[in-house]
Amino acid sequence: MILPIPDGAPAASADTEDDMKDGSDSILVAEGVRKVYRSGGDEVVALHGLDLTVPPGEFLAVMGPSGSGKTTLLNCVSGLDDIDGGRVLVDGLSIHELSDKERTRHRAQEMGFIFQAFNLIPVFTTTENVELPLLLAGVHEREARARARATLARVGLAHRLERRPPELSGGEQQRVAVARALAGRPRIVWADEPTGNLDSEMAQNVIELLGELHAEGLTLILITHDPTVAAHADRLITIRDGRLVADERLGTGAPAAVGAG
Amino acid sequence: MTGAALLVSLLVSLPFLFVIVRRPILRRLAVRNVVRRPREALLVVVGSMLGAAIITGSFVIGDAMNASIRAVARQHLGPVDEFVLARDQTTWDDLSRRLRTLPRSDVDGVLPVSTMDAAVTAYRGKQITSAPHTQVIGLDFAQARRFGGDPHATGMPAQAPRRNDVAITTDLAKVLGVHRGEAIYVNAYGTRTMLIVGDILPRRGVAGFSLAQGQESRNVLVPSWMFEEIRGIESTYATPPTMAVLVSNRGGVENGVGRTDRVKAEIARASRGLDPQVIGVKRLVLDQAEAAGKGFTQMFTTMGSFGVVAGLLLLVQLFVMLAAERKPELGMARAVGMRRSWLVGAFATEGWMYALAATVLGSVAGIGLGWVLVALSQQIFDTKHNRFELVFVVRPASIGLAFTIAFVIALTTIVLTSARVSRLNIIRAIREIPEPPPRRKRRWLVIGTAGAALGLLWTMAAAGSSEPFGLLLGPTLLFFGAAPLLSRAWATRSAVSLLSALTAGWGAVALAVFPKTAEGAPVTIYVVQGLVLVSAAVVFAALQQERVGTAVKRAGAQALALRLGLAYPLARRSRTALTVSMYALVVFILTFITTISHMIDASAVQAKADVRGGYSVVVDSSTSNPILVSDLARVPGVRNIAPLARTTANFQVEGMSKPAFWNLTAFDGRFVANGAPALVDRGKYPSEAAAWRAVLADPDLIVVDPSFLQTSGGPPGFEAKIGTTMTVADPQTGRSRVVRVAAISHSDMFLNNGAWYGRPGAKALFGDQLVAARFYVTLQAGVDPTAFASRVQGRFVDNGAEASAINDLMDEAFTMTNQIFQLFEGYLALGLLVGIAGIAVVMIRAVRERRRPIGTLRALGFPSKTIGRSFGVETGFIALQGTLIGATLALLTLYTLVTRSDAMGDVTFSVPWIPLLVLLVATVGASLLATVAPAVTASRIRPAVALRTTD
Ligand SMILES: Nc1ncnc2c1ncn2[C@@H]1O[C@H](COP(=O)(O)OP(=O)(O)OP(=O)(O)O)[C@@H](O)[C@H]1O
Ligand SMILES: [Mg+2]
């Protein structure tokens, strides 16, 4: 069940060693990522060779009009989906070269996901939902339960431990989803419009929670349509028609370089 | 009949036809759903056609039985409706003359015949072929052909054979291997006559005339003068020939029977003073055909009903799933102002189309199933000592009836389900919120309490009168009626759990607590019992799912596949309960039948020893030319011989309007001395031998076995007991005597001894008719009974010897019983197909329903294998639960029945572990196999794609 992934890059073969050096100080490096959707005879190029480097501990916001390719970017860069060109290094590991099995393990150990549509498992209780990533990472059952409860307490759901998702409000569900993404102490959390279905107060709530976690050193990549949400980030990139069109550092006001290097 | 059945189908369809014609919106809704998802629609149809197939198949096998026996009426009797038996030779001529005066308005044929039992042999090259138990019939050929309204139906030739030649039936020709122009040798009354075969006649009408059990007619037809010649000088010790007159009623082969009563009265009037026995043979055969056909249909439908119910559960399940998928659409329809009744209408109309298609397909499949059942039964019933030919027929009336039954059942299920489905709260449905605990409505409290009171009354009434259905259903009603009341005082779950446990417990032991009830109960009681037991147990299990799940999880530590696989069935309890019930029902009846069959098998060794007593071989010979004891004693290997005289007698017990035929075997002191068969019940006597001796000495006493009168005309539910009295009469003379059952013997199956009666009493009753032509033989040590039997058969060909080792005969019967049970098991296993198809469908749908959660899990890092395995876990959990519930309940029921009552006959309880294990493994294994495809689909779901699906 548990694939021990050593910190940093695994001992890779000599010819890839060189490539990996580029990203040795970045947790995420995407180079020329291309994604083409084919449905029937149609081809939709959703990402046109996109480059992106994210240092560890960064809070990166992604914005862009609807259909611009944000979700596609997240899916491709996180390894949820395959790509049609380029490569993605996470912790120096070229994830698309891994087998599905290895990639899945990697995901279980290193990543957390929060979706706009919550995507909790309806037949599991709140606690069980949050436990899942811990159990996947090989944490012992009793400890997993304790940690799940603690995480739920942290997102303010200590009183909803045994409820099933359909019996929770949208905000509560999203907080469970946040707890689920965080319980396994991942290094990167991907969030695709986590506040899209929430009212502004709830949204604020969730963002503050994410902010706190980020303050603890978590790398956070967050897609949003909401500029006030994006304002919490360290850095904001903008996508349009599958291309990176803006990359700015927030707070300092100085624009970061577009692309890698 | 067909018309009426189809009319009913049409009537119940009227509301739907109305919707289709007059409500275009509903029609569009209904039709579009069928057309849009053709695969789904096909699944529903295929899933629900089994019910119709089982019902139709049961009718077809019953019809085959009926038709086969009816064929016997045409082949053995043809125009013959009444058989008038003269008391002796002198009254015969008078009788024939007087019967010629019967009114032509009712009677269209009178034919004097004389018959004798003979052994016929022939030579094929150097080889001798023999036909023991052949009937020689003396008659006038020309008169016989004119007998009745239709010469063809008589089977007689237009041209009588040349002088000195005889006609034989095809059955005899086949056994002897002789052709026209060849010689045969007829042995009877100590003389041997060579005859030339002048004609070979079909087994039909007068030519095929036979009153014997089997389907074959081995006849030699000779002119009357030749009959006298064959008979020669009648020896003193042989059953004399039978002198009779055949009477044909006006009307065809079958519809002449309507006049039987009137003709019998006319015969009695015309023959006043001669006192002949008049037997309405045609009506006897036709009644038997009807009864046997109905019995078969009933037996198969009774057992099949478990499969039918399982099929209905599948239908409900499929329908609920379809409805669940269409929830948003239904919500929209409601939102734009469609009334609920319209929704039900649209849904039910769609269901009507499924039901119609499924029933039509099912009926066709059922005809095929019936054909298979007939072919298999034919093989089973056709053994050495039980020749039976089953004909496959399709009677439109039966198919129409089966269609209507299946259609009405399916339609009712669908309408009820549609009504239930459209009542669901849309909001709750969309958000997949489980059904809330039932609100405590005053209405339910009132209805429940009334039901409980009714149940109590019913129980008390049934306990008083030993009525089995009330004993089972009364307490069930009482317990479930009490649920609302008890839920007030207690948590609903605990209350209902307790009550369902009580119901299941009661269901398992009820018949054992009232053993008398079980003994006379119809087989349908077991269906009711199975349904009560299984539903109570499934309700109980459904309420205890959490506990079951926790137990399983604890056992499985922290395997994620296990946790995931259990999550869905545990969360969707009513759906799980439906699937579990399908398995439990079918496995219940399968275990029941398998265990009974096993117990009968296990009793075979003892049964053989019981029936055999001290003997190892039975020898039969021709009654007109019996083997002499002194001759048989000279065969090497013989130690002792007990001669037995077997005849057919008329028996009448209380509750019978007319007497029925049953075999009677007369024994003497030698039979008891050499070790008479064991007794089931020796009555008041200190030992079995004492009981046999008492019966021998006292002509008022008789011994019968548990099957006595049960297959021919006994009163319904009759079972002879110690002390039962009856009238036994000589069918020929009508002489009778009232006798009492002194002891009960074991069923001897193909030995067919019938009732045991003392020789002196029998002689007084049956006179010269009674001849010792059967012999029970004990052998010297080391002599092989089977080899000995075949030696005897060869040596006494002229006496029509038929000898068998008693063990072989019993084995043949047990083999047949065994195969019948196997046929039942195979038939019942069809129900398993429903369960397995059900789980496959449920899983296929589940994968579609769960795409998003699966995508999420994959994103979280769930390996694809774990996803696939979780589906296996889910199936295994459901199938195993259902299988265990069904098997356990069946064993429990049988245990109580066998140990506490006589309903199952003379067996001891034992469990067929190996077959049951095979059943269990095969069931669960097949279910897992059926889940492979959906599991693979599920494991291949790609997270990025699945997460985009909107549902
Ligand atoms: N499976 C698919 N097949 C074909 N085209 C697709 C598929 N999935 C996405 N697309 C197309 O790819 C493009 C990018 O889609 P994507 O979902 O990444 O946009 P987005 O930026 O996340 O939009 P939104 O803000 O609305 O969520 C769109 O034009 C979309 O239509
Ligand atoms: Mg998107």
Side-chain angles (χ1 to χ4, degrees), chain A residues 1 3 35 37 71-72 74-76 78-82 100-125 128-129 131-142 144-145 164-168 173 177 180-181 183-184 186 190 192, chain B residues 427-436 545-546 549 553-554 556-573 575-576 846 849-867 870 874 939-951:
Chain A
M1 205 76 201
L3 177 77
K35 177 70 185 175
Y37 289 114
T71 301
T72 307
L74 184 148
N75 286 346
C76 291
S78 68
L80 282 181
D81 209 347
D82 295 324
D100 178 68
K101 198 167 158 188
E102 290 164 329
R103 220 194 296 170
T104 304
R105 277 183 202 172
H106 183 251
R107 217 158 44 227
Q109 305 235 320
E110 304 288 319
M111 297 180 182
F113 287 87
I114 305 169
F115 305 98
Q116 179 179 10
F118 319 145
N119 282 336
L120 299 175
I121 309 303
V123 291
F124 283 137
T125 62
E128 285 170 333
N129 263 287
E131 257 174 16
L132 287 178
L134 294 166
L135 295 173
L136 273 172
V139 176
H140 190 273
E141 191 155 17
R142 199 160 303 141
R145 176 130 306 191
R164 296 227 157 98
E167 300 156 3
L168 297 175
Q173 290 191 49
R180 183 176 64 185
W190 308 87
D192 191 352
Chain B
I427 304 298
R428 222 183 285 130
I430 287 172
R431 296 181 60 181
E432 293 200 276
I433 300 178
E435 286 291 283
Q545 284 294 284
E546 234 89 306
K553 269 188 225 159
R554 194 162 297 146
Q558 46 178 330
L560 278 168
L562 199 61
R563 179 183 279 245
L564 187 59
L566 295 183
Y568 277 91
L570 292 185
R572 309 254 159 93
R573 273 195 251 133
R575 273 199 200 179
T576 309
E849 260 177 29
R850 298 181 202 162
R851 279 180 69 81
R852 258 184 108 81
I854 291 171
T856 311
L857 291 170
R858 295 283 288 119
L860 290 180
F862 261 72
S864 61
K865 270 210 181 112
T866 309
I867 303 282
S870 77
E874 184 167 350
S939 66
R940 287 206 185 126
I941 286 178
R942 286 165 53 209
V945 180
L947 285 169
R948 275 183 194 274
T949 45
T950 49
D951 37 7

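Chain identifiers are assigned alphabetically (A, B, ...) following the order of the sequence lines, protein sequences preceding nucleic acid strands; residue numbering begins at 1 within each chain.
Using a 4.5 Å cut-off between heavy atoms, A/F118 does not touch chain B at all. Both the backbone and the side chain of B/L564 come within contact range of chain A, with heavy atoms under 4.5 Å apart. Only the side chain of A/R180 comes within contact range of chain B, with heavy atoms under 4.5 Å apart.
Distance OG1/A/T71 to CG/B/L947: 10.0 Å, rounded to 0.5 Å. Within the model, atoms CG of A/D82 and CZ of B/R942 stand 5.5 Å from one another, a figure rounded to the nearest 0.5 Å. Put simply, CG on A/L120 and OG1 on B/T856 are 8.0 Å apart, with the number rounded to the nearest 0.5 Å.
B/F862 has its side chain out of reach of A/T104: every pair of non-hydrogen atoms, C-beta onward, lies at least 4.5 Å apart. When side chains are defined from C-beta on, A/P122 counts as touching B/Y568, because their heavy atoms get closer than 4.5 Å.
When all heavy atoms of A/F124 and B/A567 are compared, the closest pair comes out as CE2-CB, 3.3 Å. Looking at every heavy atom in both residues, B/A944 comes nearest to A/N75 through CB-ND2, 3.8 Å. Minimum heavy-atom separation, B/P853 to A/I121: O-CD1, 3.6 Å.
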- Task: In sequence, state the C-alpha distance, the side-chain angles, and the governing distance for A/V123 and B/L570, and then conclude on side-chain contact (heavy atoms from CB on, under 4.5 Å).
- Result: CA-CA 8 Å; A/V123 291; B/L570 292 185; over 6 Å; no

- Query: Does the pair A/R107 and B/L860 meet the rule for a side-chain contact (heavy atoms from CB on, under 4.5 Å), with working shown?
  - Reply: CA-CA 7 Å; A/R107 217 158 44 227; B/L860 290 180; over 6 Å; no

- Query: Can B/R858 and A/D100 be said to form a salt bridge (Lys or Arg N to Asp or Glu O under 4.0 Å), step by step?
  - Reply: CA-CA 10 Å; B/R858 295 283 288 119; A/D100 178 68; 2.9 Å; yes

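Under the side-chain hydrogen bond (donor to acceptor under 3.5 Å, both in side chains) criterion, B/S864 pairs with no residue, sequence neighbours left out. A/E131 pairs by the side-chain hydrogen bond (donor to acceptor under 3.5 Å, both in side chains) definition with A/R145, B/R563, not counting sequence neighbours.
Note: A/N119 leads A/L132, A/D81, A/N119 in heavy-atom pairs under 4.5 Å with chain B.
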